[in-house]
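Inspection log for the structure reproduced underneath, given as structure tokens.
Within every chain, numbering begins at 1; the chains are lettered A, B, ... in the order of the sequence lines, protein sequences first and strands thereafter. Here the structure is a predicted model, which is why all the values come from computation and not from measurement.
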Amino acid sequence: MTQPARTRFAPSPTGYLHIGGARTALFAWLYARHTGGQFILRIEDTDRKRYVPDALDKIISGLRWLGLDWDEGPDVGGPHAPYIQSQRLPMYQEAADWLIEHGHAYRCYCTPEELADMRAEQQAKKQKVGYDRRCRWLTPEERAAKEAEGRAWVVRLAVPLEGEVAFEDEIRGRVTFDVRELQDAVLLKADGYPTYHLAVVVDDHDMEITHVIRGEEWISSAPLHVLLYQAFGWDLPAFAHTPSILKPSGKGKLSKRDLKTPEGGSVPIMLHEYPDYGYLPEAVFNFLSGIGWSLDDRTEIYDRETAIKHFDLKAINPAPARFPVEKLDWMNGVYIRNLSLEELHRRLIPYLSRDLGVPEEELARDERLKILLPHVQERIKRLTEAAQWVDYLYVDEVRLDDPLSLVPRKTTPQETLPILDAIIETLESVDVWDEETLETILRELATTRGLKVGQVLAPIRQALTGKKATPPLFPILVALGKETSLERLRSARNTLQAYLDEA
RNA sequence: GCCCCCAUCGUCUAGAGGACUAGGAUGUCAGCCUUUCAAGCUGAAGACAGGGGUUCGAAUCCCCUUGGGGGCGCCA
């Protein structure tokens, strides 16, 4: 049996959480839960320049919406609090001092301008671009002079001059780097804040993280982290660099803009926008887990518990994947259809209220909506699509933009008028206004008049809803009721009459 | 430019030397059902990037090429 793992997700509030980051969080969470360990949320806010005020709230509510929970974190506390890096500054400063004392790091007095000049020169000479370690070799006297000048300094890692650094990646196997490819990276900035490299190592160690699960863009800085663990004399955690998610079409990784579907629609890229688009959290969870990982060779739809049971880091496909947009809507539709009617009703109300401008309370007690609900359920892929299937319930009258829309196929306008008259006359005489009766009667009418059922139902559909595609007609008739139905039919009849008179 | 990662249907994936006539899903197309639109059911087309090895045998292992992704900041 696998040992309980402590994993973490460590977003930075410099922007919102995009769907690729959410997938990484999901994997980390799944692994913690699979092993019966803990999942920790930590905020890496060491970049004071790029801080986005509402990012943290949106990240947290997005993760919760997805169904992730954490055992330790800024909002829930824990034995390693605080979980916000800007509140842990002394730890990093202490760590940096320790490294300097033990010869693993040094103060660098170069100014940003000097570094820019250095790079420009390197580029001009077509040399390798990177810090030339000039401050690493300062004599004690030179160093004292810089200090006396009161120059600002940063702390840099003294990377070994030769040798290899390697680590075992759970997803990719052994990854090796030549230290000559590495930079003497800044560990502590001039403002006293740590960079990612220092903070992540210090915190992951302090928080007893056993598996560092993060996006593959971190692979190239992983050797730096390994060097730091070694300098501190700490045991290495396991690493797992998850494959990135690429744009659905074209190339490159996910950008900040929405994802375009082949049909010209769009899918949001930021996690917090998914609810607004009408996606169900359990569907998004299922969908996301299936990018780069699969339950087995055939199962597509599975719940969280099943995913937890089967999840394994080693089963993650290391290849970058394009975001399979088309699959998301399909899967969301499956989840919608699997909802009980009560649940669907409950979840749909906020969307309908927003999209139709009808108060939620009114929708909640509207029996007409409940009649149509089963039919709406099998027609929508996203909750936002529901309104278009029931909007005619919430209008005073149906406006027919084109009177000819009342005319069924293979029928002339002249022939349609008497059909409408017959429909109206027939419906007026119906006493029991239910689906079965209406169906029987209207089918009879069609037979009597030598028409196809569709030819009778099409004008009714148009008259009642003003649409060509609707849920089945009999439930609509019942929902609308006899009076309203007949009203709309008469109005439609008159519209057609007027059209014919004019022609 | 240098370094690192990666490579199976259009797309997401299964596959860890023989069970592969390469499986599933999505999307596409066709048929059925049908009251429009859906849903559902049935079927079809559709992939091991290329070239060298290793081996009795390679989608699976190795090398090269090509292609894609990432990194090279006092950003994470």
Side-chain angles (χ1 to χ4, degrees), chain A residues 10-15 44-47 49-50 108 110-112 115-116 119 123 126-131 152-156 169 171-172 175-178 180-183 185-191 193-197 199-200 214-223 241 243-244 246 248-249 251-253 262 287 290-301 314-315 317-331 333 337 375-381 389 408 439 442-443 446 452-458 460-462 465 467-474:
Chain A
S12 169
T14 51
E44 311 216 319
D45 59 341
T46 56
D47 184 347
K49 298 188 189 91
R50 297 194 307 159
C108 164
C110 298
T111 64
L115 294 173
R119 278 188 208 107
Q123 270 164 351
K126 305 229 174 189
Q127 292 173 335
K128 198 181 270 186
V129 176
Y131 183 58
W153 46 265
V154 300
V155 175
R156 284 184 187 271
D169 189 284
I171 299 172
R172 297 151 209 276
V175 180
T176 312
F177 286 80
D178 189 313
R180 281 169 294 204
E181 301 298 335
L182 272 29
Q183 302 275 320
V186 172
L187 300 177
L188 203 65
K189 307 182 220 177
D191 63 4
Y193 277 64
T195 59
Y196 174 81
H197 307 302
V200 77
R214 73 229 303 190
E216 71 172 326
E217 65 272 21
W218 293 109
I219 292 181
S220 34
S221 41
H241 291 95
S244 39
L246 278 28
S249 56
K251 300 165 179 187
K253 61 171 191 174
F287 169 75
I291 307 176
W293 179 75
S294 65
L295 188 81
D296 56 29
D297 61 351
R298 58 192 70 254
T299 315
E300 299 284 339
I301 306 294
K314 292 192 163 60
N317 179 352
R322 293 192 182 186
F323 189 94
V325 236
E326 337 73 51
K327 217 164 174 173
L328 173 59
D329 277 10
W330 164 75
M331 193 172 278
R337 275 171 258 129
H375 306 102
V376 171
Q377 184 174 35
E378 63 182 28
R379 258 155 270 257
I380 59 174
K381 289 189 160 75
W389 295 100
E439 177 157 8
L442 288 170
R443 280 184 187 280
K452 295 205 166 178
V453 195
Q455 289 175 302
V456 173
L457 300 189
I460 304 180
R461 167 173 294 111
Q462 200 59 231
T465 69
K467 290 164 181 283
K468 61 173 176 34
T470 72
L473 199 54
F474 306 114

Assign A:Gly292 to base, sugar-phosphate, or nothing according to its heavy-atom contacts below 4.0 angstrom with the strands shown.
-> sugar-phosphate

Please work out if A:Gly130 contacts a base, only the sugar-phosphate, or nothing of the nucleic acid, heavy-atom cut-off 4.0 Å.
-> nothing

Counting any heavy atom closer than 4.0 Å, what does A:Val186 reach on the DNA or RNA strands: base, sugar-phosphate only, or nothing?
-> sugar-phosphate

Across the strands shown, which category fits A:Pro471 at heavy-atom distances under 4.0 angstrom: base, sugar-phosphate, nothing?
-> base

Which whole number of Å gives the distance between the C1' atom of B:rG31 and that of B:rU65?
-> 46 Å

Does a side-chain N or O from A:Ser294 land closer than 4.0 Å to OP1 or OP2 of B:rA14, or not?
-> yes

From the list B:rA76, B:rC74, B:rA25, which nucleotide is the closest neighbour of the side chain of A:Pro112?
-> B:rC74

Whole-angstrom distance between B:rG51 and B:rU66, as gauged at atom P = 15 Å

Residues which pass side chain to side chain contact (heavy atoms under 4.5 Å, CB included) with A:Glu439, listed by chain and number, not counting sequence neighbours = A:Arg443, A:Phe474

Test item: A:Lys467 and A:Gln462 side chains (from C-beta on) under 4.5 Å apart, heavy atoms | no

Is there side-chain contact between A:Ser12 and A:Asp47, with heavy atoms separated by less than 4.5 Å?
-> no

What are the atom names and distances for every N/O pair under 3.5 Å that joins the protein to nucleotides 16-19 of chain B?
none

Quick one: side-chain hydrogen bond (donor to acceptor under 3.5 Å, both in side chains) partners of A:Arg461, sequence neighbours excluded?
-> A:Thr470

Could you walk me through whether A:Phe177 and A:Ile219 pass side chain to side chain contact (heavy atoms under 4.5 Å, CB included), step by step?
-> CA-CA 10 Å; A:Phe177 286 80; A:Ile219 292 181; 4.1 Å; yes

With a non-hydrogen cut-off below 4.0 angstrom, is A:Trp293 in contact with a base, only sugar-phosphate, or nothing?
-> nothing

Please work out if A:Cys108 contacts a base, only the sugar-phosphate, or nothing of the nucleic acid, heavy-atom cut-off 4.0 Å.
-> nothing

Check: A:Glu181 side chain, A:Asp178 main-chain N or O, donor-acceptor pair, under 3.5 Å | no

Between B:rG43 and B:rC4 - C1' atom distance, rounded Å = 46 Å

Using a 4.0 Å heavy-atom cut-off across all strands, classify A:Gln183 as base, sugar-phosphate, or nothing.
-> sugar-phosphate

Distance between P atoms of B:rC64 and B:rC2 (Å, rounded) | 15 Å

Would you say A:Arg322 reaches B:rC12's phosphate, i.e. side-chain N/O to OP1/OP2 under 4.0 Å?
-> no

Could you say whether A:Ile291 or A:Cys110 is positioned toward the 5' end of RNA chain B, judged by the nucleotide with the nearest heavy atom to each?
-> A:Ile291

Along nucleotides 38-50 of chain B, 5' to 3', which nucleotides get a B, which get an S, and which get a -, given that the test is a protein heavy-atom distance under 4.0 Å?
-> BSS----------

Give a yes or no answer on whether the side chain of A:Thr195 reaches the backbone of A:Val186 with a donor-acceptor pair at less than 3.5 Å.
-> yes

Would you indicate what A:Thr46 reaches in the nucleic acid, counting non-hydrogen atoms under 4.0 angstrom: base, sugar-phosphate, or nothing?
-> sugar-phosphate

Would you indicate what A:Lys49 reaches in the nucleic acid, counting non-hydrogen atoms under 4.0 angstrom: base, sugar-phosphate, or nothing?
-> sugar-phosphate

Of the listed nucleotides B:rU36, B:rA76, B:rG24, the one nearest the side chain of A:Arg298 | B:rG24

Side chain of A:Val154 (C-beta onward), nearest among B:rU35, B:rC74, B:rC12 = B:rC74

Atom CG of A:Leu246 to atom P of B:rG68: distance rounded to whole Å?
-> 11 Å

Is there side-chain contact between A:His241 and A:Val175, with heavy atoms separated by less than 4.5 Å?
-> no

Pair A:Ser244-A:Glu216, side-chain donor/acceptor within less than 3.5 Å | yes

Considering only NZ, NE, NH1 and NH2 on the basic side and carboxylate oxygens on the acidic side, decide whether A:Lys189 and A:Asp191 come within less than 4.0 Å.
-> no

Which is true for A:Glu300 with a 4.0 Å heavy-atom rule: it touches a base, it touches only sugar-phosphate, or it touches nothing?
-> base

Could you state the CZ-P distance from A:Phe287 to B:rA25, rounded to the nearest angstrom?
-> 17 Å

Nearest-Å distance once atom C1' is located in both B:rA7 and B:rC48 = 10 Å

Establish, with yes or no, whether the OP1 or OP2 oxygen of B:rC72 is under 4.0 angstrom from a side-chain nitrogen or oxygen of A:Lys128.
-> no

Say you pick atom C1' in B:rA76 and the same atom in B:rA39; how far apart are they, in whole Å?
-> 45 Å

Look at A:Ser12 and B:rC75 and indicate whether a side-chain polar atom (N or O) is within less than 4.0 Å of OP1 or OP2.
-> no

For A:Lys468, what residues pass the side-chain hydrogen bond (donor to acceptor under 3.5 Å, both in side chains) criterion, not counting sequence neighbours?
-> none

Tell me, do A:Pro243 and A:Arg172 make a side-chain contact under 4.5 Å, heavy atoms counted?
-> yes

Any donor-acceptor pair under 3.5 Å joining the side chain of A:Glu217 to the base of B:rG71?
-> no

For B:rA19 and B:rC5, measure between their P atoms and round to the nearest Å.
-> 31 Å

Look at all strands and tell whether A:Leu473 reaches a base, only sugar-phosphate, or nothing, counting heavy atoms closer than 4.0 Å.
-> base

For atom C1', what is the distance between B:rG40 and B:rG46, given to the nearest Å?
-> 24 Å

Nucleotide nearest A:Thr195 (side chain, heavy atoms from C-beta), chosen from B:rU35, B:rC75, B:rG69 = B:rC75

Is A:Lys126 near enough to B:rC2 that one of its side-chain N or O atoms lies under 4.0 angstrom from OP1 or OP2?
-> no

Would you call the rings of A:Trp218 and A:Tyr196 parallel, tilted or perpendicular if under 30° counts as parallel and over 60° as perpendicular?
-> parallel

A:Phe474 near the nucleic acid: base, sugar-phosphate alone, or nothing, with a heavy-atom cut-off under 4.0 Å?
-> base

Mind listing the N/O atom pairs, protein and nucleotides 4-9 of chain B, below 3.5 Å?
| from | atom 1 | to | atom 2 | distance (Å) |
| --- | --- | --- | --- | --- |
| B:rC5 | O2' | A:Arg172 | NH1 | 2.2 |

